[in-house]
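Accompanying notes for the structure given below.
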Amino acid sequence: MKILVAIKRVADPNVKVRLRSDGSGLDLAAVKMTMNPFDEIAVEEAVRLREAGIASEVVVVSVGPEKATETLRTALAMGADRGLLVRTEATTEPLAVAKALSAVAGEEQPALILLGKQAVDDDCNQTGQMLAAKLGWPQATFASQLTVNGDRATVIREVDGGSQTLALALPAIVTADLRLNEPRYASLPNIMKAKKKPLEERQPSDYGLVIEERLEVVRLEEPPTRAAGIKVKSVAELVERLKTEAGVLA
Amino acid sequence: MIHADDGSLSQEQRMMRDSCRAFVDDAVTPFIRSNWQREWDMSPGERLPRSILEGAETIGVRTLGVPEAYGGVDLERETEVRTFALISEEIARGDSGLADKLVQNWKVSILLREFAPKHLQDKWFPRLLADPQFLLAHCLTEPRGASDRWLPYNVPEAAMHTKAVLKDGHWVINGRKQFISNGFDASLYVVYANTDTSVGMLQGTSSFLVPRDTPGLTVTKCNETMGCRFMNNGELVFEDCRVPADHLLVQNTALGSAGQYFRAGKIIQAAKNLGVGVACFERTADYVQNYVQGGRILIKHQAVALRLADMATRIEAVRALIERASRAVDEGHPDMDVLCNMAKVYASEEIMKVATHALELHGGNGAMLEFGIEKLFRDAAIFLHMDATVDVSRMKIIKTMFPATAGKYAGPEN
Amino acid sequence: MSVLVLAEHGNAQLDEATARAVSAALCLGNDIHVLVAGKGCHDVALAAASLDGVSKVLVAEGESLANQLAEPLADLIVAQSGGYDAIVAASTSTGKNVMPRVAALLDVMQISDVIAIDGPDLFRRPIYAGSIVQTVRSKDPKRVLTIRASAFRPVGQGEAKPIETVEVAPSSSLSTFVANAVAVSERPDLTSARIVVSGGRGMGSADNFETVLAPLADTLGAALGASRAAVDAGYVSNDLQVGQTGKIVAPDLYIACGISGAIQHLAGMKDSKVIVAINKDAEAPIFQVADYGLVADLFEAVPELKGTLASAT
């Protein structure tokens, strides 16, 4: 069984992203980039399925800029077998990415496609669902547990009230939530080994695609920051202030 | 700024840096922050929980320098020392003592890789790989002197006091080693001893591989230090300690060969202190942008801003010198020894100033244990005395630059 | 402009998020239809029909819709979408699951987690865990959006509007429902509670959540929340997670206990009216957003707070 994992290069979520001082856009020049954390979980899950003998090959794919090769290499260092970059320097909206991934899936014919549930830069939470629609495949989003048995997958999903269990006929799309697993680090020896793994680069036009934007960003702003309040000395003072000053306690 | 410029690094170096940083941010920094008393646990064997070294194992950072054939990491040799520097800095950004613990392994592994006969590599590398708690130590310093008296003076009077004699197929070692990094808890030691009293150190010192459980080797104490407290510095006594003849690494010319270790070691150590400086800066920059005094955040007070600028500038200058020196070592440049010592001096003193500013800018909080700034200050301060003192390093700079006039032996002290 | 709103419900009861989604839809147009898809959801339809601003309710019932599975639900919405300029759902786990599938089937780029509507094609939404707010203009002829419920006031009750039944075309069963594990709680719902008491890794154990934090929540009539660290540590179940990828809450009072305040957590609660932080680490970032910070051991401060409040009432 072949697993395809889609990954995205994003700004390090531990870094607070700011606007350029002239307001002309995001100041990402000096921001460290990394693999989207949810995608790391997806890669880890795929690698575990291969280590368990359930999957035979793990192919990682990214639709993004040339620098995303580094993100793909990281996935290879985590244990994926092969990488594919669909290279575009354009803004990649989920719809366009889903179309590109759908074309890749047409060539690769995976039995399972894993993605992170959302990218922590645009926070869209769409690509997996859109890809499922484009392929006409079943979807299980926000997975916290995945079991593959023959041509079926059982997924426990994190939903508002608790959790939901679904059974899917493969091929299917599964998007990873935080608690699906704890991804490994790309270890230093494996980083050196990943250098030798195959990584192919393709253009969207190879698939007859044009990466287009449907949303025009007309403004970016930083939300008003919450001013730090005061430190209270005691529980008594806290209660007093909540009652009289803040008026949130009767 | 402050961190290594991505553009100066290879893709693999960036990935390695990222893995190390993730490990530090996920495991090391939270441990240090939530266990600030742990450093002062006076049972050195318990001080650093085993889980931290097990965590380090998940990024494979303990076994750099071990050949890939044994499961280690084969770094690109042309940039090996630069990679070491990068990783040492990243780990030290989390904890300088932990970095020290790990880098001793790299440094000794390089020696084994370069000088140990195959049967010893076959024996020890697999054991090193198998146990996350397996540490290596390099035993050079003695109570009666170290680099202060030995290295510039290649005469019999200034030789090592620890001696090894070949007897019945075994080397018998007698003597004492002190201030040994990882000395308290290493499983395997590289020990230097005099094997020819008639010549100078460079011609009469040999190195041996001594397993911890060798009869005649006693680890006598753990030195309780002011900084780098998660690395257990120890003292060792050798009393008729017999090691098999084939455990000899380098006969008579061990100190010359150890250049492999010394140069990379200087860079790794200097980079480690740079990591302490980076941690000082990150913590301080965060603090002064949030802490309000006189109605405005600290960074808007000019006296604060000026000191912060100073910290940043010093860090960049130290980084530039380390980069130049490590490149020189990687490329075998003739000036590499001088540059290594310069990097050591500069990384010691400039980062000490950075740490001092961090302490100042945190006000009273800087002195409090739970803020962690005084720890960084101690970790920076101890480095003035690690891997040769700064003044000895200065002497070496001048003696190497002016060997004919400044390199002369001035006689033994007593 | 006509807008189709997807009702959020569990077949028995209409969720308040629907009233908030209607409120968002009213920013786009005044012909608002609510689609109630489910099984045995007649009461839900009645409730939806009495929401202020709604002009019609469509009810689609069938076995395949009983559990809001994405595939049949998306097919249904697409089948109904013809006459609408926009399709709106709340950013609930159902909305987030099904709406992108709808959007892709319609070849539309969805606008996720909208917090403000500035015009028929202009939407504001947070990105980078709320560090930045972007305003986007949709170039698509039809708009598909999910809205952040806490950013819109729920509409009130109005006159009952007509309810219409729609046919459900057979949908291939790509995925099948197996089971739901619903966390049962006597406490108010996290996303709509007036007061939220949240615990982090500093709680130390599941037991402490129950014995230290829960009594405070119950004294205040508050919902219980948690940081990702606490959920990851297994102290509480995942549906209590507040943050960028968990629940987004904006109560009148948010009390964070033993929560360090990672940016991802702040993203889920920083719109709360009043934030209180109790943490023994004076350097914890949570204090940067807290209106009232108490540097203290929560195991002493929380019981004391509970005691003070209990004796006052």
Side-chain angles (χ1 to χ4, degrees), chain A residues 11 13 16-17 19 26 93-95 98 117-118 120-126 129-130 132-134 137-142 144 154 158-169 178-179 214-223 226 228-232 235-236 238-239 241-242 246 248, chain C residues 70-71 74 92-93 96-97 100-101 103-105 109-113 126-140 174-183 228 232 237-239 245 252-253 263-264 270 273-274 276 287-295 301 304-305 308-309:
Chain A
K16 190 171 160 62
V17 169
L19 292 178
L26 294 170
E93 291 176 352
L95 184 65
K117 76 164 180 180
Q118 84 189 59
V120 296
D121 51 0
D122 61 23
D123 280 335
C124 273
N125 191 339
Q126 299 172 1
Q129 298 89 311
M130 288 182 157
K134 291 290 173 200
W137 290 6
Q139 69 184 54
T141 51
F142 326 145
S144 62
T154 308
E158 296 199 355
V159 296
D160 286 342
S163 65
Q164 180 183 62
T165 308
L166 292 183
L168 312 174
L178 287 172
R179 278 162 287 274
R214 301 289 186 85
L215 299 180
E216 175 199 353
V217 177
V218 292
R219 193 166 63 244
L220 292 168
E221 59 204 324
E222 289 182 17
R226 246 193 124 90
I230 56 161
K231 293 259 170 72
V232 294
V235 167
L238 174 64
V239 172
R241 284 183 183 270
L242 288 175
V248 287
Chain C
E71 301 86 359
T92 57
S93 52
K96 289 189 282 196
N97 185 36
R101 192 168 178 116
L105 290 171
M109 176 58 206
Q110 174 181 298
I111 305 128
S112 294
D113 222 17
I127 55 174
Y128 292 97
S131 300
I132 306 283
V133 173
Q134 66 170 195
T135 303
V136 294
R137 185 189 306 280
S138 168
K139 300 180 199 169
D140 285 313
L174 291 165
S175 63
T176 47
F177 171 80
V178 177
N180 268 338
V182 179
R228 175 191 169 183
D232 282 357
S237 64
N238 62 277
D239 55 304
T245 66
D252 288 347
L253 175 60
I263 180 172
Q264 289 78 8
K270 67 183 166 56
K273 197 169 142 216
V274 174
V276 171
F287 287 119
Q288 291 164 24
V289 299
D291 300 286
Y292 301 104
L294 177 61
V295 180
E304 189 188 341
L305 180 57
T308 310
L309 294 168

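Here is the naming used below: chain letters follow the sequence lines, and residue numbers restart at 1 for every chain.
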Looking at C:T92, C:L305, C:I263, C:N180, which has the largest count of heavy-atom pairs under 4.5 Å with chain A?
-> C:N180

Got a second to check how far A:L242's CG is from C:T308's OG1, nearest 0.5 Å?
-> 11.0 Å

Contacting moiety of C:I132, where chain A heavy atoms sit under 4.5 Å | both

The interface call for C:A290 against chain A, heavy-atom contacts under 4.5 Å, is backbone

Contact origin within A:R179 toward chain C - heavy atom pairs under 4.5 Å = side chain

If one checks every heavy atom of A:L19 against chain C at 4.5 Å, the contacting part turns out to be both

A:V217 versus chain C, the contacting section by heavy-atom distance below 4.5 Å = both

Would you name the heavy atoms of C:L294 and A:V232 that are closest together and state the gap between them?
-> CD1-O, 3.4 Å

Comparing A:P138, A:C124, A:P13 against chain C, the one with the most heavy-atom pairs below 4.5 Å turns out to be A:P138

Closest non-hydrogen contact found for A:T141 with C:N97 is OG1-OD1, 2.6 Å

Just how far is it from atom CG of C:L174 to atom CD of A:Q139, taken to the nearest 0.5 Å?
-> 9.5 Å

Residue C:E304 versus chain A: region with a heavy atom under 4.5 Å = both

Ranking C:Q264, C:K273, C:E71 by heavy-atom pairs under 4.5 Å to chain A gives rank one to C:E71

Non-hydrogen atoms of chain A under 4.5 Å away: do they reach the side chain of C:S138, the backbone, both or neither?
-> both

Looking at A:P223 and C:S131, what are the two nearest heavy atoms and their distance?
-> CD-O, 3.1 Å

Please check if the side chain of C:Q110 supplies one atom and the backbone of A:Q126 the other of a donor-acceptor pair under 3.5 Å.
-> no

Determine the option with the most heavy-atom pairs under 4.5 angstrom with chain A, choosing from C:V295, C:L253, C:V136.
-> C:V136

Can you name the side chain to side chain contact (heavy atoms under 4.5 Å, CB included) partners of C:S93, sequence neighbours left out?
-> A:F142, A:V159, A:D160

Please name the pair of heavy atoms, one in C:P100 and one in A:M130, separated by the smallest distance, quoted to 0.1 Å.
-> O-CG, 3.3 Å

Without swapping roles, check the side chain of A:E158 against the backbone of C:D239 for a donor-acceptor pair under 3.5 Å.
-> no

Taken in chain and number order and not counting sequence neighbours, the residues that satisfy side chain to side chain donor-acceptor pair (under 3.5 Å) with A:N125 are A:Q129

Heavy-atom pair of closest approach, residues C:M109 and A:E93 | CG-OE1, 3.5 Å

Check: A:I230 and C:Y292 side chains under 4.5 Å, non-hydrogen atoms | yes

Contact leader toward chain C among A:S163, A:A132, A:A236, A:S144, where contacts are heavy-atom pairs under 4.5 Å = A:S163

Side chain proximity check, A:V17 to C:I127, heavy atoms < 4.5 angstrom | no

What are the two closest non-hydrogen atoms of A:W137 and C:R101, and how far apart are they?
-> O-NH1, 2.8 Å

Determine whether the side chains of A:D122 and C:Q134 contain a donor N or O and an acceptor N or O closer than 3.5 Å.
-> no

Between C:V289, C:D252, C:T176, C:L105, which shows the greatest number of heavy-atom pairs under 4.5 Å with chain A?
-> C:T176

Chain A contact via C:D113 - which portion, at a heavy-atom distance below 4.5 Å | neither

To the nearest 0.5 Å, tell me how far C:R137 CZ sits from A:R219 CZ.
-> 10.0 Å

With a 4.5 Å heavy-atom cut-off, do C:R228 and A:L178 have their side chains touching?
-> yes

Is the backbone N or O of C:A104 less than 3.5 Å from a side-chain atom of A:K134, with the two atoms forming a donor-acceptor pair by type?
-> yes

Check each atom of A:Q118 against the heavy atoms of chain C and say whether the ones under 4.5 Å are side chain, backbone, both or neither.
-> side chain

Is the backbone of C:A129 close enough, under 3.5 Å, to the side chain of A:D123 for a donor and an acceptor to pair up by distance?
-> yes

Gap separating the CG atom of C:D291 from the CG atom of A:L238, nearest 0.5 angstrom | 11.0 Å

